[in-house]
Protein chains: 2
Amino acid sequence: MRDYGPGHRRCCGVGRGRGGGRGALVEPAALAALVSSSGHGYDLRRVIEELTDGEILVDAGGLYRVLRRMEEEGLVTSNWAEGESGPQRREYQLTEDGRELAAHWVAHLRERERLASVLSDALESALGSEKTEK
Amino acid sequence: MRDYGPGHRRCCGVGRGRGGGRGALVEPAALAALVSSSGHGYDLRRVIEELTDGEILVDAGGLYRVLRRMEEEGLVTSNWAEGESGPQRREYQLTEDGRELAAHWVAHLRERERLASVLSDALESALGSEKTEK
DNA sequence: ACAACTATATGCGGTTCACATCTAGATGTC
DNA sequence: GACATCTAGATGTGAACCGCATATAGTTGT
């Protein structure tokens with residue numbers, strides 16, 4: 001159901017479960033983190049946060065899911081870190097495929113950036129010209 | 001929505017069913033079209049295409065779904081066009097709420113644009129600095 | 001003993017979207 | 001007439017994304 005509660009209005013697809021709210025960001029964010037420093041999942045969250053100046057905070061559960069999927073797809077490899085104290089860690093490394101995909105993501109994100117720009121320009125000018133004709 | 005052509009395997013979340021591939025674009029695109037010219041659904045597709053210089057092509061089925069959902073939410077109103085030849089047309093008009101939401105979408109799209117920019121910058125610089133150290 | 005933190009993982013549900021398919025009226029062609 | 005095609009609206013299906021909650025362990029601090 002689409003009940004956002006009383007007096008609480010839905011705005012621009014922001015909210016729980018809105019998968020497409022920002023588009024697929026977790027995968028490219030994970031790739032970015034892994035390109036700059038391989039490591040374990042929990043830490044990658046911090047790397048992502050740092051890389052993006054705190055703009056992008058990924059959900060831990062979602063990140064683990066994405067990492068496992070990427071492993072299935074041969075984009076990363078993992079192994080349990082040995083001889084360490086603390087909880088078990090699964091260390092991830094990028095594969096060559098993963099590195100290639102990361103490069104593709106750059107172009108893809110630029111394209112997405114442009115689409116958002118084109119659309120917001122269109123919206124803005126439409127709203128603007130409407131005002132003048134009133 | 002967009003035709004990525006044949007022979008394009010999974011890359012950067014492009015493909016069927018990837019809901020979040022580019023984020024929610026149909027709703028804001030529909031709003032943009034309706035701000036600049038109210039009309040019926042099938043025609044709004046063309047308006048969207050024109051507004052975005054052919055960059056954004058929405059799926060007809062998806063557009064109708066979005067329009068009906070927006071009507072449920074009070075963002076648009078519709079009525080069957082009368083006294084016309086051809087197939088029945090449902091004419092849509094923006095409500096005041098819809099106009100407000102359109103304005104919100106501008107800011108939201110700008111934010112999304114920035115996020116994509118931040119992330120692609122991060123990815124690019126990570127890939128770049130990796131190359132130098134090799 | 002208990003709380004808090006690190007680390008990995010699953011469950012759940014809502015949402016977006018592309019592709020295929022369906023109905024139906026209008027129009028054109030052979 | 002039979003047919004293909006275009007316009008117009010609509011549903012079915014299923015993949016994928018994501019936020020939030022919760023579960024499980026080990027570690028560290030009080």
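Sequence lines set the chain letters: A, B, ... in the order given, protein chains first and strands last, and positions in each chain run from 1. Worth knowing before you read on, the calculation uses all heavy atoms, side chains too, and leaves out hydrogens, waters and symmetry mates.
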Undergrad: Just the rounded figure in Å: distance from C1' of C:dA18 to CZ of B:R65.
TA: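 It works out to 10 Å between those atoms.
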Undergrad: Passes side chain to side chain contact (heavy atoms under 4.5 Å, CB included), A:V58 versus A:L44? Steps please.
TA: CA-CA 9 Å; A:V58 292; A:L44 290 177; over 6 Å; no
Undergrad: What nucleotide among D:dC20, D:dT13, C:dT8 has an atom nearest to a side-chain atom of A:D59?
TA: D:dC20
Undergrad: Is B:R90 near enough to D:dG9 that one of its side-chain N or O atoms lies under 4.0 angstrom from OP1 or OP2?
TA: no
Undergrad: Taking all non-hydrogen atoms of both residues, which atom of A:A102 and which atom of A:V35 are closest, and how far apart?
TA: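 Residues A:A102 and A:V35, closest heavy atoms: CB-CG2, 4.0 Å.
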Undergrad: Under 4.0 Å from OP1 or OP2 of C:dT8: is there any side-chain N or O of A:Y64 that close?
TA: yes
Undergrad: Could you state the CH2-P distance from B:W80 to D:dG9, rounded to the nearest angstrom?
TA: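 It is 7 Å, rounded to the nearest whole Å.
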Undergrad: A:L115 CG to C:dT16 P: how many Å, rounded?
TA: 18 Å
Undergrad: Taking the side chain of A:R68 as its heavy atoms from C-beta onward, which of C:dT10, C:dC19, C:dT8 lies nearest to it?
TA: C:dT10
Undergrad: For B:E72 and C:dT15, give me the distance from atom CD to atom P, rounded to whole Å.
TA: 11 Å
Undergrad: Would you mind reading off the distance between A:L25 atom CG and C:dT16 atom P, rounded to a whole angstrom?
TA: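 One finds 16 Å between P of C:dT16 and CG of A:L25, rounded.
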Undergrad: Quick one: which residue pairs count as a salt bridge (charged side-chain N to carboxylate O under 4.0 Å, His left out) with a foot in residues 31-48 of chain B, not counting sequence neighbours?
TA: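 The answer is B:D43-B:R46.
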Undergrad: By nearest atom, which of the nucleotides D:dA8, C:dT8, D:dA10 is closest to the B:R89 side chain?
TA: D:dA8
Undergrad: Which salt bridge (charged side-chain N to carboxylate O under 4.0 Å, His left out) pairs, counting each pair once, include a residue from residues 56-66 of chain A, with sequence neighbours left out?
TA: none
Undergrad: Applying salt bridge (Lys or Arg N to Asp or Glu O under 4.0 Å), name anything that partners A:D121, two or more places apart in sequence or on another chain.
TA: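 For A:D121, the residues satisfying salt bridge (Lys or Arg N to Asp or Glu O under 4.0 Å) (neighbours in sequence not counted) are B:R110.
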Undergrad: Can you name the residues that form a salt bridge (Lys or Arg N to Asp or Glu O under 4.0 Å) with A:E55, not counting sequence neighbours?
TA: B:R114
Undergrad: Nearest-Å distance, CG (B:N79) to C1' (D:dG9)?
TA: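 Rounded to whole Å, this separation is 15 Å.
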Undergrad: Provide, to the nearest angstrom, the distance between the CE atom belonging to A:M70 and the C1' atom belonging to C:dA9.
TA: 16 Å
Undergrad: Rounded to whole Å, how long is the line connecting atom CG of A:L63 with atom C1' of C:dT8?
TA: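 In whole Å, C:dT8 C1' lies 10 Å from A:L63 CG.
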Undergrad: For A:E96, check salt bridge (Lys or Arg N to Asp or Glu O under 4.0 Å) against everything at least two apart and list the hits.
TA: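 Salt bridge (Lys or Arg N to Asp or Glu O under 4.0 Å) list for A:E96, sorted by chain: A:R99.
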Undergrad: Quick check on contacts: within residues 37-49 of chain B, what sits under 4.0 Å from DNA chain D by heavy-atom distance?
TA: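 Heavy-atom cutoff 4.0 Å gives B:H40, B:G41, B:Y42, B:R46.
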